[in-house]
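Note: hydrogens, waters and symmetry copies are ignored here, and every other heavy atom, side chains too, is used.
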Amino acid sequence: GIENATDSTIGGMTAGARNVISGNTYDGISMDDVGSTGNHILGNGTHANLDHGVYVDKAQGGLIANNVIEGNLAYGIQLYTDADGVIVTQNTIVGNGRSGVIVGGNATTASDGNLIVDNVIAFNTFSGVRSYWAGPVGTGNVVRANVGFGNAGGDFPTDPFLASGLDLVDNTIADPLFVDR
């Protein structure tokens with residue numbers, strides 16, 4: 001549920017800022033065309049491949065910034081199936097059950113023009129950042145100036161399948177030196 005909700009709409013599950021969002025059966029936040037800033041999003045989901053910290057679908061813009069996204073059952077942030085023009089910045093994305101961030105699309109739509117910049121993405125069970133395309137491959141998705149570390153499947157993709165549709169620029173692999181993970 002949500003604790004200390006100051007800017008939230010509960011029901012359609014769009015969240016604003018300064019919330020603790022934890023223990024939800026499905027995604028922590030499911031959104032389109034809105035923002036999520038300054039939240040602690042942790043421990044959400046009961047379906048290992050389907051429930052994420054933040055799930056963005058059919059968006060035309062949006063901001064995911066300055067959140068701590070940790071320990072969610074699947075992906076920390078999923079931009080899928082048609083999330084366009086979303087900015088993901090200054091988040092700490094750690095210890096999620098799949099990857100930290102995934103950008104993708106289904107058989108007919110693709111996520112395009114997203115910017116993933118200045119995040120710390122560490123200790124996720126699979127990869128730090130990756131893509132998945134069931135149909136057309138998205139374009140203009142930039143992954144820039146992020147710090148990745150200790151993601152079990154790699155921090156930033158080198159496999160062409162996992163990197164397709166992503167422009168990887170100036171990312172760093174370095175221990176973020178958390179005081180207490």
Problem set entry | Distance in Å, N106 CG paired with S111 OG, rounded so as to fall on 0.5 Å steps |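 Here the rounded value is 9.0 Å.
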
Exercise. Do the side chains of V117 and F149 join up, straight or via other hydrophobic residues, at under 4.5 Å, putting them in one cluster?
Worked result: no

Exercise. Out of curiosity, Q78 CD to N72 CG, how far, rounded to the nearest 0.5 Å?
Worked result: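 Between Q78 CD and N72 CG, I get 12.0 Å after rounding to 0.5 Å.
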
For this session: Evaluate the side-chain proximity of F178 to F123: yes if any heavy-atom separation is below 4.5 Å, no if none is.
Result: yes

Exercise. Taking side chain as C-beta onward, heavy atoms only, is F156 less than 4.5 Å from I173?
Worked result: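 Of all side-chain heavy-atom pairs linking I173 with F156, at least one is under 4.5 Å.
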
Problem set entry | Closest non-hydrogen atom pair between S99 and N96, with its separation |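 Taking every non-hydrogen atom into account, O-CB, 4.2 Å.
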
Problem set entry | Chi angles and distances behind the side chain to side chain donor-acceptor pair (under 3.5 Å) call for D57, T81 | CA-CA 6 Å; D57 179 27; T81 62; 3.1 Å; yes

Problem set entry | Close side-chain approach of S36 and I41, heavy atoms under 4.5 Å |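 In short, these two side chains touch, coming nearer than 4.5 Å.
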
Exercise. Would you call V129 and I121 a side-chain contact if the rule is heavy atoms closer than 4.5 Å?
Worked result: yes

Exercise. Taking all atoms of both residues into account, what is the closest heavy-atom pair of Q60 and D84, and its distance?
Worked result: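 Residues Q60 and D84, closest heavy atoms: NE2-OD2, 3.2 Å.
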
Exercise. Atom OG of S131 and atom CG of N114: how far apart are they, to the nearest 0.5 Å?
Worked result: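 That separation rounds to 12.0 Å.
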
Problem set entry | L166-I102 co-clustered via ILVMFWY side chain contacts under 4.5 Å |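 No, L166 and I102 fall in different hydrophobic clusters.
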
Problem set entry | Steps toward side-chain contact (heavy atoms from CB on, under 4.5 Å) verdict (T46, D51) | CA-CA 7 Å; T46 57; D51 299 333; 3.9 Å; yes

For this session: Examine M31 and V101 and state if one hydrophobic cluster contains both, with Ile, Leu, Val, Met, Phe, Trp and Tyr joined whenever side-chain heavy atoms are less than 4.5 Å apart.
Result: yes

For this session: Taking all non-hydrogen atoms of both residues into account, name the closest pair between L63 and T37 and its distance.
Result: CD2-CG2, 4.0 Å

For this session: Search all heavy atoms of I69 against all heavy atoms of V54 and return the closest pair with its distance.
Result: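 Answer, listing the atom of I69 first, then V54: CD1-CG2, 4.1 Å.
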
Exercise. With side chains defined as the heavy atoms from C-beta onward, is the minimum distance between Y75 and L50 less than 4.5 Å?
Worked result: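 A side-chain contact is absent here, since even the closest heavy-atom pair is not under 4.5 Å.
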
Problem set entry | Over 12 non-hydrogen atoms of neighbours within 6.0 angstrom of OH in Y26 |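 No.
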
Problem set entry | Stepwise side-chain contact (heavy atoms from CB on, under 4.5 Å) test for H52 and R98 | CA-CA 9 Å; H52 319 293; R98 306 276 296 166; over 6 Å; no

Problem set entry | N24 CG to L73 CG distance, which is reported to the nearest 0.5 Å | 12.5 Å

For this session: Indicate the atoms forming the closest heavy-atom contact of N171 with V143, along with that distance.
Result: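 Minimum heavy-atom contact is ND2-O, 2.9 Å.
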
Problem set entry | Least distance between heavy atoms, I64 atom then V56 atom | CD1-CG2, 3.7 Å

Exercise. What distance separates K58 NZ from D82 CG, expressed to the nearest 0.5 Å?
Worked result: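 Those atoms lie 7.5 Å apart.
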
Problem set entry | Spacing of N151 atom CG and R130 atom CZ [to the nearest 0.5 Å] | 12.5 Å

For this session: Kindly indicate, with the supporting measurements, whether the criterion side-chain contact (heavy atoms from CB on, under 4.5 Å) is fulfilled by I29 and N39.
Result: CA-CA 10 Å; I29 297 174; N39 298 297; 4.2 Å; yes

Problem set entry | Any side-chain donor near an acceptor of the partner, D118 and Q90, under 3.5 Å | no

For this session: Say whether L168 and I93 are linked into one hydrophobic cluster, either directly or through other cluster members, by side-chain heavy-atom distances under 4.5 angstrom.
Result: yes

Problem set entry | Same apolar cluster: L79 and V137, side chain cutoff 4.5 Å |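 Yes: a chain of side-chain contacts under 4.5 Å links L79 to V137.
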
Exercise. Between F161 and Y132, what is the ring plane arrangement, given parallel below 30°, perpendicular above 60°, and tilted in between?
Worked result: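 F161 vs Y132 ring planes: perpendicular.
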
Exercise. Tell me, do I77 and V88 make a side-chain contact under 4.5 Å, heavy atoms counted?
Worked result: yes

Exercise. Side chains of V103 and I116: does their closest heavy-atom pair fall under 4.5 Å?
Worked result: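 Yes, side chains in contact.
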
For this session: Kindly determine whether N146 and V120 satisfy side-chain contact (heavy atoms from CB on, under 4.5 Å), including the steps that lead there.
Result: CA-CA 6 Å; N146 298 283; V120 175; over 6 Å; no

